[in-house]
Undergrad: 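One structure, as structure tokens, below. Some questions next.
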Amino acid sequence: MSEEKIMESAIRALLYEVSATPKPGLVDRLNNGAHNDMDFFSFIDSSVALHTYFYKIKEAIAALYRQWRTLPPAEAVFQKLVPLGIDAEAKMKQATGGVNTHKGAIYALGLLTSASLECLYLHGCCEIPKILKRVSDYVAPTLEKDFAHQKEALKLSYGQIQYEQMGLLGARGEAYHQYASATEVGIPMLETALERGCDINRAMLHALIGLMASVMDSNVIGRHNVEMLKASQCRANEVLEMGSVFTIEGMAAITAYDQWCIDSYVSHGGCADLLAVSVYLHFVKEI
Ligand SMILES: CC(C)(COP(=O)(O)OP(=O)(O)OC[C@H]1O[C@@H](n2cnc3c(N)ncnc32)[C@H](O[C@H]2O[C@H](COP(=O)(O)OP(=O)(O)OP(=O)(O)O)[C@@H](O)[C@H]2O)[C@@H]1O)[C@@H](O)C(=O)NCCC(=O)NCCS
Ligand SMILES: Nc1ncnc2[nH]cnc12
């Protein structure tokens, strides 16, 4: 494992995620899912625009390690990442004509690559449990603070509204809980499918359906409500019961689920990011 391999794995995971097809309700190589403002090439452009972000993260983490010669305080590292993340969101919007393709992925993969680099510097390798614990340490101090100042915000995000109304932690909560959705659902389902002979495309689809069946996705709740999320999760579970990617019926059910999501304007954008997180961690494990 090298610094370059870590940063490459992040962009590779973004490109693999959008390429997985057919993803119910999400942008892929076949259709734009439940989106009328972005397509497959929006995600290619956005991913390419993020190469500077990942380069800057590498430079910042390397400089902090040279300065401290050990793990710096987690909150100090996170505070270095915030402006880089804000700048990356601006570059994403420049590349996409103002559309939000990767806001959640910028956050997740920024945290994960930073912790991966620190683990490489300190231990000479990338140990997943150490990386995920460090990610949780980065975000813990700001979890409540982030939501505390939102009253001054002009426009609250889905996640901020859902924290106020339901106490849901959204993307921040996934990081704080060490990406348990990836380690307990995404990665095991991805790797089980690969072990059963699936190609990477079908393995990613299997992992995504598992994530869609279990994750409280703020995008779905934000566009609709919790009832719609539960209805969609029922369909994801039906796909799994029909054999998922391992049977002809399961694949047909995935295609039908895609059409239902499109007709219902349902997009599990958070699960798409968690698929990218699962793929990233799978790559880092394998190198
Ligand atoms: C902490 C931040 C993520 C900001 O949080 P915020 O509260 O502002 O936003 P959230 O709504 O909480 O989530 C932002 C994105 O995170 C993804 N997401 C949602 N739910 C989950 C979940 N349960 N687990 C993981 N990730 C989740 C999701 O991003 C993906 O979907 C977006 C595309 O879908 P779409 O429906 O098109 O989205 P919209 O256009 O917004 O909605 P529509 O109008 O179309 O209906 C795309 O972003 C995907 O990535 C959520 O959108 C973090 O960004 C932050 O703090 N930023 C500030 C800078 C910073 O500190 N950076 C740190 C760098 S390490
Ligand atoms: N493929 C995709 N489609 C829609 N929203 C997404 N957010 C992240 N990846 C996505």
Side-chain angles (χ1 to χ4, degrees), residues 13-40 42-44 46-47 50 53-54 56-57 60-61 77-90 92-93 96 98-115 135 138-139 142-143 145-147 150 153 155-164 168-177 179-182 186 204 208 211-212 214-224 229 261 265-277:
L14 291 176
L15 295 172
Y16 271 53
E17 178 277 305
V18 70
S19 301
T21 300
K23 291 193 298 288
L26 294 165
V27 172
D28 57 32
R29 288 175 283 125
L30 185 66
N31 62 45
N32 301 338
H35 297 271
N36 51 28
D37 59 355
M38 53 192 186
D39 62 15
F40 180 70
S42 310
F43 282 85
I44 300 293
S46 179
S47 302
L50 293 179
Y53 170 57
F54 292 112
K56 286 181 179 176
I57 285 178
I61 298 298
V77 178
F78 183 71
Q79 290 313 318
K80 282 278 186 190
L81 297 177
V82 170
L84 299 183
I86 290 170
D87 181 56
E89 288 172 23
M92 168 193 75
K93 295 214 167 168
T96 62
V99 173
N100 169 21
T101 44
H102 282 132
K103 181 181 177 188
I106 287 168
Y107 179 71
L109 290 171
L111 297 170
L112 286 163
T113 51
S114 300
V135 164
Y138 287 155
V139 304
T142 61
L143 210 57
K145 257 187 269 176
D146 257 12
F147 292 115
Q150 64 190 21
K155 178 179 181 294
L156 296 184
S157 67
Y158 288 156
Q160 290 166 325
I161 292 166
Q162 289 161 38
Y163 178 76
E164 284 224 324
L168 297 178
L169 291 173
R172 295 175 180 83
E174 295 288 344
Y176 176 68
H177 293 297
Y179 287 109
S181 299
M204 287 192 288
L208 175 67
L211 290 164
M212 291 172 75
S214 56
V215 169
M216 290 295 281
D217 195 312
S218 72
N219 283 52
V220 180
I221 302 171
R223 285 188 174 190
H224 302 279
L229 176 66
C261 286
Y265 191 57
V266 166
S267 170
H268 290 248
C271 291
D273 286 344
L274 292 170
L275 175 61
V277 165

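Values below: all heavy atoms of this structure, side chains included; hydrogens, waters and symmetry mates excluded. In listed order, ligands and their atoms are each counted from 1. For clarity, every value in this text was computed on a predicted model and none was experimentally measured.
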Undergrad: Go through ligand 1 atom by atom and flag the ones less than 4.0 Å from a non-hydrogen atom of Ser157.
TA: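 Counting from 1, the qualifying ligand atoms are 6 (P), 7 (O), 8 (O), 9 (O), 11 (O).
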
Undergrad: Would you indicate which of Leu26, Asp273, Leu14 comes nearest to atom 5 (N) of ligand 2 when only heavy atoms are counted?
TA: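 Among Leu26, Asp273, Leu14, the closest heavy atom to atom 5 (N) of ligand 2 comes from Leu26.
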
Undergrad: Atom 37 (O) of ligand 1: which protein heavy atom is closest, and how many Å away?
TA: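 The answer is His35 CE1, 3.3 Å.
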
Undergrad: For Ser267, is at least one N or O under 3.5 Å away from an N or O on ligand 1?
TA: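 Checking ligand 1 against Ser267, no N or O pair falls under 3.5 Å apart.
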
Undergrad: Tyr265 versus ligand 1: do any nitrogen or oxygen atoms come within less than 3.5 Å of each other?
TA: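 For ligand 1, there is no N or O atom that lies under 3.5 Å from one belonging to Tyr265.
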
Undergrad: Provide, to 0.1 Å, the distance between atom 44 (O) of ligand 1 and the closest protein heavy atom, together with that atom's residue and name.
TA: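 Scanning the protein heavy atoms, the shortest distance from atom 44 (O) of ligand 1 goes to Tyr158 OH, 3.5 Å.
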
Undergrad: What protein heavy atom sits nearest atom 27 (C) of ligand 1, and how far off is it?
TA: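 Looking only at protein heavy atoms, the one closest to atom 27 (C) of ligand 1 is Gly270 CA, 3.4 Å.
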
Undergrad: Does any N or O of ligand 1 fall below 3.5 Å from an N or O anywhere on Gly104, backbone included?
TA: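 Gly104 vs ligand 1: N/O contact under 3.5 Å present.
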
Undergrad: Looking at Thr101, which atoms of ligand 1 are within less than 4.0 Å of one of its heavy atoms?
TA: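 Those qualifying, in numeric order: 47 (C), 48 (O), 49 (C), 50 (O).
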
Undergrad: Could you tell me whether some N/O pair between Met216 and ligand 1 is separated by less than 3.5 angstrom?
TA: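 Yes, at least one N or O pair falls under 3.5 Å.
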
Undergrad: Side chains of Leu26 and Leu275: does their closest heavy-atom pair fall under 4.5 Å?
TA: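 No - every pair of side-chain heavy atoms lies 4.5 Å or more apart.
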
Undergrad: Using a plain distance cutoff, I'd like to know if Gly159 has any nitrogen or oxygen under 3.5 Å from a nitrogen or oxygen of ligand 1.
TA: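 Right, the criterion is met.
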
Undergrad: Taking the side chain from Asn219 and the backbone from His268, do they hold a donor-acceptor pair closer than 3.5 Å?
TA: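 Looks like no, no N/O pair under 3.5 Å.
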
Undergrad: For atom 58 (C) of ligand 1, what is the closest protein heavy atom, and at what distance to 0.1 Å?
TA: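 Scanning the protein heavy atoms, the shortest distance from atom 58 (C) of ligand 1 goes to Glu89 OE2, 3.7 Å.
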
Undergrad: For Gly269, counting its heavy atoms only, list the atoms of ligand 1 lying under 4.0 Å from any of them.
TA: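 Here the atoms of ligand 1 in question are 30 (C), 31 (O).
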
Undergrad: Between Gln160, Glu174, Glu17, which one has a non-hydrogen atom sitting closest to atom 24 (N) of ligand 1?
TA: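 Minimum heavy-atom distance to atom 24 (N) of ligand 1 goes to Glu174.
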
Undergrad: Tell me which pairs pass salt bridge (charged side-chain N to carboxylate O under 4.0 Å, His left out) where either residue lies in residues 23-37, with sequence neighbours left out.
TA: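 Residue pairs with at least one partner in residues 23-37: Glu17-Lys23.
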
Undergrad: Nearest non-hydrogen atom to atom 35 (P) of ligand 1 belongs to which of Ile57, Thr142, Asn219, Asp87?
TA: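 It is Asn219 that holds the nearest heavy atom.
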
Undergrad: Return yes when Asp28 approaches ligand 2 closer than 4.0 angstrom through a heavy atom, no otherwise.
TA: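 Under 4.0 Å: no for Asp28.
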
Undergrad: Starting from atom 62 (N) of ligand 1, locate the nearest protein heavy atom and write down its residue, its atom name and how far away it is, to 0.1 Å.
TA: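 Answer for atom 62 (N) of ligand 1: Gly85 CA, 3.9 Å.
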
Undergrad: Heavy-atom pairs closer than 4.0 Å: do any link ligand 2 to the side chain of Lys23, the backbone, both, or neither?
TA: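 For Lys23, the contact with ligand 2 is made by the side chain alone.
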
Undergrad: To which protein heavy atom is atom 61 (O) of ligand 1 closest, and what is the distance rounded to 0.1 Å?
TA: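 Its nearest protein heavy-atom neighbour is Val82 CG2, 3.6 Å.
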
Undergrad: How close does the nearest protein non-hydrogen atom get to atom 59 (C) of ligand 1, and which residue and atom is it?
TA: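 For this ligand atom, the closest protein heavy atom is Ile86 CG1, 3.6 Å.
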
Undergrad: Quick one: does ligand 1 sit under 4.0 Å from the side chain of Val99, the backbone, both or neither, non-hydrogen atoms only?
TA: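 Val99 to ligand 1: no contact under 4.0 Å from either part.
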
Undergrad: Using distance alone, decide if ligand 2 has a nitrogen or oxygen within less than 3.5 Å of any nitrogen or oxygen in Ser267.
TA: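 No; every N/O pair is 3.5 Å or more apart.
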
Undergrad: Within the side chain of Tyr179, is there an N or O that forms a donor-acceptor pair under 3.5 Å with the backbone of Val135?
TA: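 Not confirmed, Tyr179 side chain does not pair with Val135 backbone.
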
Undergrad: With a 3.5 Å distance limit and no angle check, can you tell me whether Ser47 reaches the backbone of Phe43 through a side-chain donor-acceptor pair?
TA: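 At least one qualifying donor-acceptor pair exists.
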
Undergrad: Got the closest protein heavy atom to atom 9 (N) of ligand 2, with its distance?
TA: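 Result for atom 9 (N) of ligand 2: Glu17 OE1, 2.9 Å.
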
Undergrad: What I want to know is whether Tyr107 and ligand 1 share at least one N or O pair that is separated by under 3.5 angstrom.
TA: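 No: no nitrogen or oxygen of Tyr107 is under 3.5 Å from one in ligand 1.
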
Undergrad: In terms of residue, atom name and distance, what is the protein heavy atom nearest to atom 7 (N) of ligand 2?
TA: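 So the nearest neighbour among protein heavy atoms is Thr101 O, 3.6 Å.
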
Undergrad: At the 4.0 Å heavy-atom cut-off, does Met38 count as touching ligand 1?
TA: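 For ligand 1, residue contact (heavy atoms, under 4.0 Å) with Met38 is present.
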
Undergrad: Please say whether Tyr53 places an N or O atom under 3.5 Å from an N or O atom belonging to ligand 1.
TA: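 There is no such contact.
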
Undergrad: Counting only heavy atoms, which portion of Ser218 has something under 4.0 Å from ligand 1: side chain, backbone, both, or neither?
TA: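 Both backbone and side chain.
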
Undergrad: For Tyr176, I'd like to know if atom OH has over 12 heavy atoms of other residues, nucleotides or ligands within 6.0 Å.
TA: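 Count not over threshold, so no.
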
Undergrad: Looking only at protein heavy atoms, which one is nearest to atom 6 (C) of ligand 2, and how far off is it?
TA: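 Closest protein heavy atom to atom 6 (C) of ligand 2: Phe43 CZ, 3.6 Å.
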
Undergrad: On a heavy-atom basis, I'd like to know which of Arg172, Lys103, Lys80 is closest to atom 1 (C) of ligand 1.
TA: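 It is Arg172 whose heavy atom sits nearest to atom 1 (C) of ligand 1.
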
Undergrad: Pick one of side chain, backbone, both or neither for how Val215 approaches ligand 1, counting any non-hydrogen atom pair under 4.0 Å.
TA: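 Only the side chain of Val215 comes within reach of ligand 1.
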
Undergrad: With atoms numbered from 1 as shown, which atoms in ligand 1 lie under 4.0 angstrom from a non-hydrogen atom of Ala105?
TA: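 The atoms of ligand 1 under 4.0 Å from a heavy atom of Ala105 are 50 (O).
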
Undergrad: In the protein, which heavy atom is nearest to atom 41 (O) of ligand 1, and how far is it?
TA: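 Result for atom 41 (O) of ligand 1: Asn100 ND2, 3.0 Å.
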
Undergrad: Looking at ligand 1, does any of its N/O atoms fall within less than 3.5 Å of an N/O of Asp37?
TA: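 In fact, backbone or side chain, Asp37 has no N or O that close.
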
Undergrad: Using a plain distance cutoff, I'd like to know if Val27 has any nitrogen or oxygen under 3.5 Å from a nitrogen or oxygen of ligand 2.
TA: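 There is such a contact, yes.
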
Undergrad: Would you say His102 contacts ligand 2, with heavy atoms under 4.0 Å as the rule?
TA: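 Not so, His102 does not reach ligand 2.
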
Undergrad: Could you tell me the separation between the CG atom of Leu111 and the CZ atom of Phe78, rounded to the nearest 0.5 Å?
TA: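 The distance works out to 6.0 Å.
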
